[in-house]
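Down below is the structure, laid out as structure tokens.
Keep in mind that the numbers below use all heavy atoms, side chains included, and drop hydrogens, waters and symmetry copies. What you are looking at is a predicted structure, and each value in this text was computed from that prediction instead of being measured.
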Amino acid sequence: MGEGAADRTHGEDRTRGAAPATGHTGSAGEPEAREGLRERKKRRTRQHISDLATGMFLERGFDAVTVAEIADAAEVSVNTVYNYFPAKEDLFLDRASSVADRLAGWVRGRAPGESAARAVLRELHAEIEAVSPRVGLMTGYDRFLVVVEDAAGLRSRLQELDQEVFVNLDRALREETGAAPGDRLPSLVAGQIDWAHRTVMGVIRCGLIEGRTPEAVSREALDALDDITGLLGERVLNYAVRARG
């Protein structure tokens with residue numbers, strides 16, 4: 001499974017006690033300070049629907065819950081649910097768009113003198129070392145993984161998300177290097193970076209499903225990341241170095 005569910009389940013004690021809660025970054029009250037009343041109400045309604053849906057999916061399984069049941073529990077119409085979430089899968093993976101842009105964002109934000117690959121490896125190392133929920137290192141995340149494994153629709157959506165990650169990363173590398181349209185190198189480098197990311201996420205997924213603690217899985221993932229770094233060639237590790245000054 002990709003990071004979509006992990007990113008949208010940051011925190012503890014979701015609705016019905018079944019799922020961890022998704023928080024907004026920043027101090028309390030910041031989103032409200034930037035929003036008007038209408039936008040605030042829409043955001044809270046969206047979060048309420050998502051929280052209820054997630055709890056129901058964890059309790060009964062993704063395929064066993066209908067959108068009509070979610071609408072009834074949230075006391076809204078089915079059309080309202082679809083207004084906020086175009087597909088049922090989006091109720092479970094409601095932070096997928098931020099995950100799709102994550103690697104590209106790390107590349108664009110790399111430090112002077114840092115290459116694209118080393119920026120991604122550095123960010124991954126920091127998240128894993130911190131036992132961050134953003135990479136799935138959280139108690140109870142194995143329950144989300146089970147829901148995904150049992151639902152073909154979620155597995156398919158996560159495969160689409162993996163492709164979006166690659167496409168966005170490829171685009172970022174092309175823009176950052178000014179590569180010509182026919183240049184294959186950005187795509188080849190994007191493929192290697194994407195492989196490194198998916199591989200370490202696979203280590204995290206397997207460790208959690210096998211019942212190990214997030215802390216133990218973090219140590220395993222750091223070891224794997226070191227091995228992965230050693231397997232990447234110098235052309236990949238030194239591609240798209242940001243100029244100093």
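- The salt bridge (charged side-chain N to carboxylate O under 4.0 Å, His left out) search around Asp170 returns Arg174, not counting sequence neighbours.
- Arg198 pairs by the salt bridge (charged side-chain N to carboxylate O under 4.0 Å, His left out) definition with Asp194, not counting sequence neighbours.
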Could you tabulate the donor-acceptor pairs under 3.5 Å formed by side-chain atoms of residues 68-80, not counting sequence neighbours?
| residue | atom | partner | partner atom | Å |
| --- | --- | --- | --- | --- |
| Glu69 | OE1 | Arg60 | NH2 | 3.1 |
| Glu69 | OE1 | Thr66 | N | 2.9 |
| Glu69 | OE1 | Thr66 | OG1 | 3.3 |
| Glu69 | OE2 | Arg60 | NH2 | 3.1 |
| Ser77 | OG | Thr80 | N | 3.0 |
| Ser77 | OG | Thr80 | OG1 | 2.9 |

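- Chaining together hydrophobic side chains whose heavy atoms lie under 4.5 Å apart places Phe166 alongside Val167.
- In terms of the salt bridge (charged side-chain N to carboxylate O under 4.0 Å, His left out) criterion, residue partners of Glu127 (sequence neighbours excluded) are, by chain and number, Arg134.
- Among residue pairs with one or both ends in residues 229-240, none qualify as salt bridge (Lys or Arg N to Asp or Glu O under 4.0 Å); sequence neighbours excluded.
- Residues meeting the side-chain contact (heavy atoms from CB on, under 4.5 Å) test with Glu176, sequence neighbours left out: Val107, Arg108, Arg110, Arg242.
- Sorted by first then second residue, the salt bridge (Lys or Arg N to Asp or Glu O under 4.0 Å) pairs that include residues 207-225, not counting sequence neighbours, are Glu210-Arg212, Arg212-Glu220.
- In this structure Lys41 satisfies the side-chain contact (heavy atoms from CB on, under 4.5 Å) test together with Thr45, sequence neighbours excluded.
- Every residue two or more places apart in sequence or in another chain was checked for a side-chain contact (heavy atoms from CB on, under 4.5 Å) with Asp227, and none qualifies.
- Remark: Leu222 pairs with His125, Ile128, Glu129, Ser218 by the side-chain contact (heavy atoms from CB on, under 4.5 Å) rule, at least two apart or across chains.
- Listed by chain and number, the residues in a salt bridge (charged side-chain N to carboxylate O under 4.0 Å, His left out) with Arg122 are Glu114 (sequence neighbours excluded).
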